[in-house]
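This report refers to the structure that appears directly beneath it.
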Amino acid sequence: MRNPIGPLEFTRRGWVRLWLLAVFVFLYAPIVILIAFSFNQSRRNIVWTGFTTDWYGRALNNASLIEAFTNSIMIALISTVLSVILGGLLALGLYRFRFPGKPVLDGVAALPIVIPEICLGVALLVFYARVGWPVGLPWPLNLSQVIIGHVVFSFPFVAVVVRARMEGFDRSLEEASKDLGASEWQTFWNVTLPYMKTGLIAGALLAMTLSLDDFVITFFTSGPETITFPVKIYSMVRQSVTPEVNAASTILILFTVLLTVIALKFQKPSEGVG
Amino acid sequence: MSNGVPIVRFENIEKSFGSFKAVDGVTLDVPNNSFFALLGPSGCGKTTLLRMLAGFEHPTSGRVLIDGEDMAGIPPNKRPVNMVFQSYAVFPHMTVRENVGYGLRVSGVPRGEIGPRVEDALRMVRLEAFADRKPDKLSGGQRQRVALARALVKKPKLLLLDEPLSALDKKLREDMQLELVRLQQEVGISFVIVTHDQDEALSMADLIAVMNRGKVLQVAPPWDLYEEPNCRFVADFIGEMNLFEGRMLSADGGQARLDLKGIGLVDVPWDYPATSDVALAVRPEKMRLYREEPELGWVRLPGKVAQVAYFGDNSQVFVETSQAGRVVVLRHNQSRSRDEPYRTGTDCWVAFEPTDGIVLSD
């Protein structure tokens, strides 16, 4: 005997289930197909002719693809670290202090989120040309232009996330810490930072993802020598979409999923409660 | 702690926030080993005074001395006081034990000493069984105990409590009142508590300072404050009070003759020079209710019951008198009865002995 469906038991209604299924298919079917065809024997992503892992071998032996991949990872790591530091400090400053021009800074800080990437890309290109940014530096210094570009658009995201987190912060926690004998620095390190941690991790994940798949700004700021993964894939696709591209993309997906899982491990639910 | 020096001395403290004067010329001593309450309505400056002791606010003018030492320029983390915050401010990412040990750890107490001191503090507030829990797994009362243990483990010269019981429900609040008094006697340091709840202050403190609009109006033990308020505000703020306005006609030989509006001539004890406008203040429990006019030499007022507030153990009876307006009488429900004997609309007499009244001149 089945119980009658309660008013809030949406997932037991047939049409809701159908709707959910449609949503999932819409969201994940392209990715599933991408991964499936990376194991296809045929050169074309149209007909399934048999299983193989050759394309992974090819992708991993493709020196320029590997180089692009390492560049992307390097850029993502460095720009994430810088974005988290800058964004975290900005959020803390805006939360903690009152100073003239604060509302202006508050607005201006969010500007890179709003400005179309294409404008930011052009602006950075013009800027680098104007100041005569050195080119032809050894790796990874040759990535500095791209890294700076990525920091510019991703640190506001970190700031926004951390700021939202700080809204729920009980200031008397900091007072209690000082009252108990802690210095300003000890208070920041032992009380404020642990509270910010959830926001910082979420911000870092955002920054990392934004950096890894950014195409427009990278395209404008990278010199002729430096190729990142999205740019490389784009140039490969212009010739033809081979399963090698599928294989490379699958590796990238695995990599980001792994990062997310690790980040979530750091955010044990009991530690985030404030 | 040297004898004779009060643990806290406020000297002519003023504190302004912009054009608002939060504290307006307060001079006050807190004696050693006392349970001291700062009592007043919200915005009266009591919390500002407490935060000055902790070092979170600085007086605009005047001096704060703790154990005879001027606190000017000494930051919160270097003061010999600890505070229990209104929100408890228990660190959410630390266990109970880590919370209690925090103050010792950051001030560089040797590791070997921290463990036993933390255990002692936990035992004192009866939280041994919860030492390894995170605060989100504790009740409000338990979190409060963590905040207490965390402050007391530092062995301060003075413990500050900012409205510590306001977030607890009634039953728990009453338990905690007794607990705080026990703790104060056990550790033998002064507790300074800020509260707007007069019952809390009366039941816990040995000395109460009543504040209003940034000024201290009266500092006295609970009994004196209740029975000998020095002004209308204190009389009205502490408990309920019936005020009968009038004039003082003459005063000599320890007696004064008052002419009260609607009542007439009344003789009361009075040791001070004569003044003109006065009020006679009488507590509701010092007034009696009668069905018929009583055969007494007391002040008697006929009236009609306007409203009754029933509390179980007693009832507040509001009587509309024809001569002196509305008065409140407290009736103890001493015998078990099925019905309130003085229901709304009942004709009755209110009587009180003039010597139970307090003469207030301002």
Side-chain angles (χ1 to χ4, degrees), chain A residues 84 88 91-92 95-100 102-103 161-205 262-274, chain B residues 47 50-51 53-57 74-95 98-109 114 121 132-138 143 146-156 158-164:
Chain A
V84 166
L92 195 68
Y95 159 77
R96 173 74 77 77
F97 304 112
R98 257 186 288 173
F99 48 88
K102 176 175 168 174
V161 173
V162 176
R163 187 93 201 274
R165 171 80 181 144
M166 293 313 286
E167 286 304 317
F169 186 65
D170 176 7
R171 273 169 202 248
S172 58
L173 288 175
E174 286 179 346
E175 288 187 344
S177 169
K178 283 180 211 162
D179 183 69
L180 291 165
S183 62
E184 199 75 53
W185 176 247
Q186 284 171 318
T187 298
F188 175 73
W189 198 249
N190 292 311
V191 176
T192 319
L193 195 60
Y195 188 86
M196 293 170 74
K197 204 175 77 181
T198 343
L200 290 173
I201 291 172
L205 272 178
I262 293 170
L264 289 178
K265 281 259 186 247
F266 274 109
Q267 279 178 300
K268 274 173 276 169
S270 66
E271 296 197 11
V273 176
Chain B
T47 302
L50 194 79
R51 290 172 62 81
L53 289 176
F56 298 126
E57 303 286 354
I74 299 183
N77 54 341
K78 301 269 188 273
R79 294 192 178 200
V81 302
N82 286 109
M83 183 151 162
V84 174
F85 289 80
Q86 187 170 10
S87 64
Y88 313 145
V90 174
F91 304 126
H93 58 288
M94 299 183 197
T95 62
E98 286 164 348
N99 259 288
V100 176
Y102 180 77
L104 300 175
R105 180 162 67 85
V106 293
S107 37
V109 173
I114 295 179
D132 295 312
R133 288 211 195 169
K134 286 273 178 74
D136 58 346
K137 300 277 186 293
L138 298 177
R143 258 178 260 177
V146 175
L148 268 168
R150 187 176 70 176
L152 287 173
V153 78
K154 295 254 325 183
K155 298 198 163 63
L158 185 65
L159 184 73
L160 310 174
L161 302 118
D162 185 8
E163 304 261 8

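Each chain gets a letter, A, B and so on, in the order the sequences are listed, and its residues count up from 1.
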Looking at T187(A), N190(A), V191(A), which makes the most heavy-atom pairs under 4.5 Å with chain B?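 Option with the greatest count: N190(A).
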To the nearest 0.5 angstrom, please state how far the CZ atom of R79(B) sits from the CG atom of D179(A).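 Separation between the atoms: 10.0 Å.
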How long is the straight-line distance from CG of D170(A) back to OH of Y195(A), given to the nearest 0.5 Å?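 Answer rounded to 0.5 Å: 8.5 Å.
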Given that the side chain runs from C-beta out, which part of [X] has a heavy atom under 4.5 Å from chain A: side chain, backbone, both or neither?
{"X": "F91(B)", "answer": "both"}
{"X": "K78(B)", "answer": "neither"}
{"X": "V90(B)", "answer": "backbone"}

Donor-acceptor check, side chain of R150(B) to backbone of G103(B), threshold 3.5 angstrom: yes or no?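 No, the answer is negative, given that no donor and acceptor are paired below the 3.5 Å cut-off.
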Assess, by modelled atom type and distance only, whether the side chains of T192(A) and E174(A) contain a donor and an acceptor separated by less than 3.5 Å.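 Short answer, yes.
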If the plane angle is over 60° it's perpendicular, under 30° parallel, otherwise tilted; pick one for F169(A) and Y95(A).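 F169(A) and Y95(A): perpendicular rings.
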Flag the one option from S87(B), P135(B), G108(B), S107(B) with the top tally of heavy-atom pairs under 4.5 Å to chain A.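 The answer is S87(B).
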